[in-house]
Structures are given as C-alpha cells and as structure tokens.
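To start, the structure under review is shown below, and the notes come after it.
Counting begins at 1 with the first residue of the sequence.
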Amino acid sequence: MIAACAGVVGFLLWPFIPALELIDGRSGRVVFCARVQRGEEFVLSFVHSVNKRPVYDTLRAEADHLVIVRSRFDSFGAGMPEASTPEGTLTIAEDGWLEWTVNRPVPEITVRVGWVAEHTLHIKGREIRLADLAEPGKPLTMFVRKIRMVDLFKGRCIP
C-alpha cells in the first residue's frame with residue numbers, strides 16, 4: 001500500500017511532461033505554459049518594425065531545447081535575409097511568400113514584447129498575444145522544460 005501511494009505521489013510530482021514555458025524575464029515568473037510533444041511546431045508572429053509587414057517564425061520543441069525552423073515573410077526589410085547563405089536557405093513558397101529555413105537549435109528564445117509589433121504565439125489552435133502576458137518593452141523568455149503532472153491538474157499549463 002505504501003509503495004502504491006509513493007508511486008502515485010511520484011507520478012504527480014516528478015517532472016516528466018515536456019512543456020513550453022514563457023517566463024517573465026525580470027521576475028522569473030511563469031506567465032504561460034503549454035504541454036508540447038517532441039517535434040511539435042508552433043509559430044511566433046509579429047509585425048516587422050520597418051516595413052510594417054507580418055513575419056511568421058516557426059519554432060519546434062525538442063526534448064530540452066527549441067529549434068528555429070523557418071521564417072515566412074512577404075517582403076524584404078531591415079534585418080531580413082535577402083539571399084541564401086551558409087546559415088540558411090531563402091526560397092519562394094508556392095503562395096509567393098519568402099521562406100528563410102535555418103533549423104537552428106537554441107536553448108531558449110527571448111523576445112522583448114513590442115509596443116506595435118503585436119507579438120503573438122500561435123500554439124494548439126490558440127493565439128496568445130504576448131502583450132497580454134507582459135508589458136511592452138519587457139522581456140519574455142521561452143524554453144522547453146519538463147513539468148509535473150500536478151501542474152496540468154491545477155490548470156497551470158494548457159494540455
């Protein structure tokens with residue numbers, strides 16, 4: 001009986017479920033959490049600061065890191081790739097959008113929430129405006145880590 005209870009407690013409290021978390025860069029507080037599967041992709045969109053056109057960055061969750069997969073945009077602007085390089089490949093998609101494919105693994109991504117950029121996380125059929133999670137100008141850091149089953153039961157993380 002004690003072993004069974006210990007097993008249940010261990011199941012609830014042992015961090016083994018991969019999740020994407022967004023952390024307030026100043027306080028360290030988790031402001032968003034979503035359960036993810038290894039290889040699952042999601043998108044961070046924003047409005048480019050110079051040309052005022054949308055950019056869609058596709059990211060992928062891996063076991064203990066993120067991968068910047070590609071960026072989609074419909075016009076060139078400051079800081080946007082203009083040709084293929086050893087770092088990435090620029091192609092024109094069938095719909096006419098430009099795609100910059102990099103497949104770059106990173107431990108985390110920090111976004112300074114924009115005043116007019118409309119940073120939005122598109123994950124699990126939801127759209128989460130980063131300005132609803134942190135004040136514009138503040139940093140949010142996203143990364144993959146393992147969470148506890150109890151965090152899902154308490155609603156701290158979307159399934």
Side-chain angles (χ1 to χ4, degrees), residues 15-148 151-152 156-159:
F16 69 94
I17 300 166
L20 174 73
E21 288 190 334
L22 274 70
I23 305 293
D24 181 301
R26 300 236 167 108
S27 71
R29 183 176 60 90
V30 176
V31 295
F32 177 80
C33 177
R35 185 175 184 174
V36 292
Q37 299 296 323
R38 185 175 188 172
E40 185 173 343
E41 293 185 348
F42 51 94
V43 173
L44 178 64
S45 67
F46 60 94
V47 175
H48 190 279
S49 62
V50 175
N51 67 12
K52 306 298 185 209
R53 300 295 304 148
V55 177
Y56 299 91
D57 289 338
T58 299
L59 308 169
R60 184 176 61 240
E62 291 298 341
D64 61 351
H65 65 279
L66 295 168
V67 175
I68 301 170
V69 178
R70 74 182 153 277
S71 292
R72 284 179 47 89
F73 47 98
D74 65 357
S75 64
F76 295 106
M80 301 303 290
E82 298 177 356
S84 293
T85 69
E87 293 180 5
T89 305
L90 184 65
T91 58
I92 299 174
E94 288 183 19
D95 60 4
W97 280 63
L98 299 159
E99 289 189 359
W100 172 250
T101 303
V102 292
N103 286 308
R104 180 181 305 139
V106 294
E108 61 188 33
I109 295 172
T110 298
V111 176
R112 191 161 296 276
V113 178
W115 296 95
V116 295
E118 293 295 321
H119 287 102
T120 304
L121 179 64
H122 306 261
I123 188 168
K124 302 203 173 287
R126 298 181 186 201
E127 294 184 1
I128 293 89
R129 289 175 14 105
L130 298 192
D132 292 340
L133 304 177
E135 293 178 37
K138 307 285 178 160
L140 287 177
T141 300
M142 67 176 70
F143 58 91
V144 175
R145 77 173 183 118
K146 298 207 180 341
I147 63 166
R148 305 170 305 166
D151 294 324
L152 288 177
R156 294 182 187 147
C157 202
I158 63 172

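Ring centers of Trp97 and Tyr56: under 6.0 Å apart, within the cut-off.
For the pair Arg26 and Pro139, the minimum side-chain heavy-atom distance is below 4.5 Å. Contact check for Glu108 versus His65: no side-chain heavy atoms found under the 4.5 Å cut-off. At least one side-chain heavy atom of Ile68 sits under 4.5 Å from a side-chain heavy atom of Leu59. Contact check for Leu90 versus Thr85: no side-chain heavy atoms found under the 4.5 Å cut-off. Val106 places none of its side-chain heavy atoms less than 4.5 Å from the side chain of Val67. Counting heavy atoms from C-beta outward, Phe73 and Met80 have side chains that approach closer than 4.5 Å. The shortest distance between side-chain heavy atoms of Ile123 and Ile128 falls below 4.5 Å.
Screening Arg145, Arg29, Arg35 against Glu21 for a salt bridge (Lys or Arg N to Asp or Glu O under 4.0 Å) leaves a single residue, Arg145. Under the side-chain contact (heavy atoms from CB on, under 4.5 Å) rule, Ser75 has a single partner from Val55, Asn51, Leu98, which is Asn51.
Ala134 and Val113 make their closest contact through O-CG1, 3.9 Å (heavy atoms, listed as atom of the first residue, atom of the second, distance). Taking both residues in full, the closest heavy atoms of Ala61 and Leu66 are given as CA-CD2, 4.3 Å, listed atom of the first, atom of the second, then distance. Scanning both residues, Cys33 and Val30, for their nearest heavy atoms gives CB-CG1, 4.4 Å.
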For this session: Could you go through the side-chain contact (heavy atoms from CB on, under 4.5 Å) check for Val144 and Asp64 one step at a time?
Result: CA-CA 6 Å; Val144 175; Asp64 61 351; over 6 Å; no
For this session: Evaluate side-chain contact (heavy atoms from CB on, under 4.5 Å) for Val69 paired with Val102, printing each intermediate quantity in order.
Result: CA-CA 6 Å; Val69 178; Val102 292; over 6 Å; no
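Atom CG of Asp24 and atom CG of Leu133 lie 9.5 Å apart (nearest 0.5 Å). Between the OG1 atom of Thr91 and the CD atom of Glu99 there is a distance of 5.0 Å, given to the nearest 0.5 Å. For the atom pair CG of Leu44 and OG1 of Thr58, the computed distance is 10.0 Å after rounding to the nearest 0.5 Å. Atom CG of Asp57 sits about 11.5 Å away from atom CG of Leu121, to the nearest 0.5 Å. Atom CG of Leu22 is separated from atom CE of Met142 by 4.5 Å, given to the nearest 0.5 angstrom. Atom CG of residue Leu130 and atom CD of residue Glu135 lie 14.0 Å apart, to the nearest 0.5 angstrom.
Using modelled atom types, one finds a donor on one side chain and an acceptor on the other under 3.5 Å when comparing Thr141 with Thr110. Judged purely by distance below 3.5 Å, without hydrogens or angles, the side chains of Ser45 and His119 never pair a donor atom with an acceptor atom.
In this structure, Thr89 contributes its side chain and Thr101 its backbone to no donor-acceptor pair below 3.5 Å. In this structure, the side chain of Arg70 does not engage the main chain of Trp100 through any donor-acceptor pair within 3.5 Å.
Between Arg72 and Asp95 there is a salt bridge, since a side-chain N of the basic residue sits under 4.0 Å from a carboxylate O of the acidic one. In this structure, Arg60 pairs ionically with Glu62, as a charged nitrogen and a carboxylate oxygen lie closer than 4.0 Å.
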